[in-house]
Number of protein chains: 2
Amino acid sequence: MAKTASSKEAILAAGRREFAARGFSGARVEAIARAAGCNKAMLFYYFSSKEKLYRAVLAGALGEIFAELGGVVHARLTPERFMERFPGIYIRFLARNPDLPRILVFDLIRDPENFSRTMAGIFRENSEFNPQRFLGMVRSWHDQGLIAEEDPLHFMLNVISLSIFSFVGRPMVEAISGLRSEDGEAFYRARIRSVVRLLKKGMLK
Amino acid sequence: MAKTASSKEAILAAGRREFAARGFSGARVEAIARAAGCNKAMLFYYFSSKEKLYRAVLAGALGEIFAELGGVVHARLTPERFMERFPGIYIRFLARNPDLPRILVFDLIRDPENFSRTMAGIFRENSEFNPQRFLGMVRSWHDQGLIAEEDPLHFMLNVISLSIFSFVGRPMVEAISGLRSEDGEAFYRARIRSVVRLLKKGMLK
DNA sequence: GTTTGGTTTAACCATACGGTTAATATAACA
DNA sequence: TGTTATATTAACCGTATGGTTAAACCAAAC
């Protein structure tokens, strides 16, 4: 680390980890710098403030998520195929990048306005995921009588809730149940199976 | 405010609002005291540290949530009736107390261990919601062939995800869709309808 | 080998913040 | 009314933290 030209990347990566673990206010600029293998001043040299670094991290995280999702939407699937594939792709992707849902949810609560603006920015620049196209797809599924849900917004909320909250809510459910669920791979496999079944059975007409 | 004997309550209430809005590290002790109409030192007089106050707030929030849920479980419903009633009760309750899901999710991310411990404490003292009884109920539904999901943990994750993430994720979905959803009552009514339909159709055998 | 431009550092700075203290006000009650 | 226990406050305190600065380092260009 601390090798020229990669310092900026190292800071971004370390920032992502720190912000995901402690949220914006909990994150310490100095800790980020240390984790990136450089001096605190470097961070300000490249990002000029904690806030700016945070925004860069958030934008990066959102960008990665939607890049990943772009493919599923481009594929023009049937709703059945969509519900079979979407949870798996999304859940596995988040499992590989557990910092992303944390940052996302943290920011969603702390500052919904900022979150919305950042997302709007992503869509404007990065065309890999086109929300209007996705919405149109969902609406046409309903018009063709393929899915029961008439409101695309609630369709999305259902699909996304089940995927994202798998991560955030897991400790909660474990605490209620007292059961420590199997770690890693086994848990995600079971989770995907359950979500896919629920969505296919519950949303298809 | 600042009237004897209610100061402690005022601080707890103000703390709940502040922690919900900014998370633990983002919350300012001084801001809480001011919002409670008293001096910062009062806060330490009653709660001795920010951390202790936070724990009290979290415990209170969780206690209220599970007190609310206790009734549904005690009622020994059929799975069909359960899925008809649970989302409505839960979503409406959270809508009336929007700080609760925020605090909960904040803490869930920041410190899952602490969250688990707090919840275990709640169950030990407050018997209004009995997790083992609830799990038993779900398991028996499956054994009787009434529901498809064989794993009570994933049953719970599904049900809870759909309810809680309605709140947290709403700005996200609005940002994707570009549609600003109807406020308050109309949104929650639609949300409950969608979740109930999905659960009944998707989880009942 | 000297200039030049981006990169890196150590040492600072101001302040915001959690927490303390010692003194005062208030209520309870004998 | 005097005594005691609880509430409440203003004034502090030490430190952690975001941010700055000025100087040094170092590669490439000339």
Side-chain angles (χ1 to χ4, degrees), chain A residues 1-61 99 102-103 106-107 109-111 114 118, chain B residues 1-61 103 106-107 109-111 114 118:
Chain A
M1 252 173 264
K3 267 277 138 68
T4 321
S6 79
S7 282
K8 198 176 172 182
E9 295 307 315
I11 292 170
L12 266 174
R16 172 179 293 195
R17 287 193 299 274
E18 176 85 356
F19 285 128
R22 310 191 202 290
F24 177 77
S25 337
R28 296 292 96 122
V29 163
E30 181 127 29
I32 295 173
R34 211 178 329 116
C38 69
N39 191 297
K40 192 172 55 143
M42 282 257 65
L43 190 153
F44 289 97
Y45 175 67
Y46 283 114
F47 296 95
S48 80
S49 78
K50 185 188 185 182
E51 180 80 30
K52 291 256 181 67
L53 169 62
Y54 175 74
R55 282 211 229 280
V57 166
L58 178 63
D99 290 339
R102 291 204 187 109
I103 289 184
F106 257 133
D107 198 67
I109 301 178
R110 195 192 58 123
D111 188 353
N114 172 47
T118 309
Chain B
M1 253 173 264
K3 267 277 138 66
T4 321
S6 79
S7 281
K8 198 175 173 182
E9 294 307 314
I11 292 170
L12 266 174
R16 174 179 292 195
R17 287 193 300 274
E18 177 87 355
F19 285 127
R22 310 191 203 290
F24 177 77
S25 338
R28 296 293 95 122
V29 163
E30 181 128 29
I32 295 173
R34 210 176 331 116
C38 69
N39 192 297
K40 193 173 54 145
M42 282 258 66
L43 190 152
F44 289 97
Y45 176 65
Y46 282 115
F47 296 95
S48 80
S49 79
K50 184 187 184 184
E51 181 80 29
K52 291 256 182 66
L53 168 62
Y54 176 75
R55 284 212 229 279
V57 165
L58 178 64
I103 289 184
F106 256 132
D107 198 67
I109 301 178
R110 196 192 58 123
D111 189 353
N114 172 47
T118 308

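Each chain gets a letter, A, B and so on, in the order the sequences are listed, and its residues count up from 1. Predicted, not measured: the structure shown is a model, and the values here were computed from it.
A:Ser6 places no side-chain N or O within 3.5 Å of a backbone atom of A:Glu9 that could act as its donor or acceptor partner.
Atom CZ in B:Arg34 sits about 13 Å away from atom C1' in C:dC17, given to the nearest Å. Atom pair A:Ile11:CD1 and C:dT8:P shows a separation of 8 Å (rounding to whole Å applied). As a whole-Å value, the separation of B:Ile32 CD1 from C:dG19 P is 11 Å. Summarising the geometry, the separation between CG on B:Leu43 and C1' on C:dG19 is reported as 10 Å, rounded to the nearest angstrom. Atom C1' of nucleotide C:dT26 and atom CE of B:Met42 are separated by 12 Å, given to the nearest angstrom. Distance NZ (A:Lys8) to C1' (C:dG6): 13 Å, rounded to an integer number of Å.
Judged as a salt bridge (charged side-chain N to carboxylate O under 4.0 Å, His left out), the pairs with a partner in residues 16-27 of chain A (not counting sequence neighbours) are, in order, A:Arg16-A:Glu64, A:Glu18-A:Arg22.
For the pair A:Arg110 and A:Phe19, the NZ or CZ position fails the cation-pi test of under 6.0 Å to the six-membered ring centre and within 45 degrees of the ring normal.
No side-chain donor from either of A:Tyr45 and A:Asn39 sits under 3.5 Å from a side-chain acceptor of the other.
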Verify side-chain contact (heavy atoms from CB on, under 4.5 Å) between A:Arg55 and A:Phe47, making sure each step is shown before the conclusion.
CA-CA 10 Å; A:Arg55 282 211 229 280; A:Phe47 296 95; over 6 Å; no
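Legend: residues meeting salt bridge (charged side-chain N to carboxylate O under 4.0 Å, His left out) with B:Arg28, ordered by chain and number and at least two apart, are absent.
For the pair A:Tyr46 and C:dT8, the criterion of a side-chain N or O lying under 4.0 Å from OP1 or OP2 is met.
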Using a 4.0 Å cut-off on protein heavy atoms (strictly under), produce a 5'-to-3' string for nucleotides 14-20 of chain D with B for base contact, S for backbone-only sugar-phosphate contact, and - for none.
---SBBB
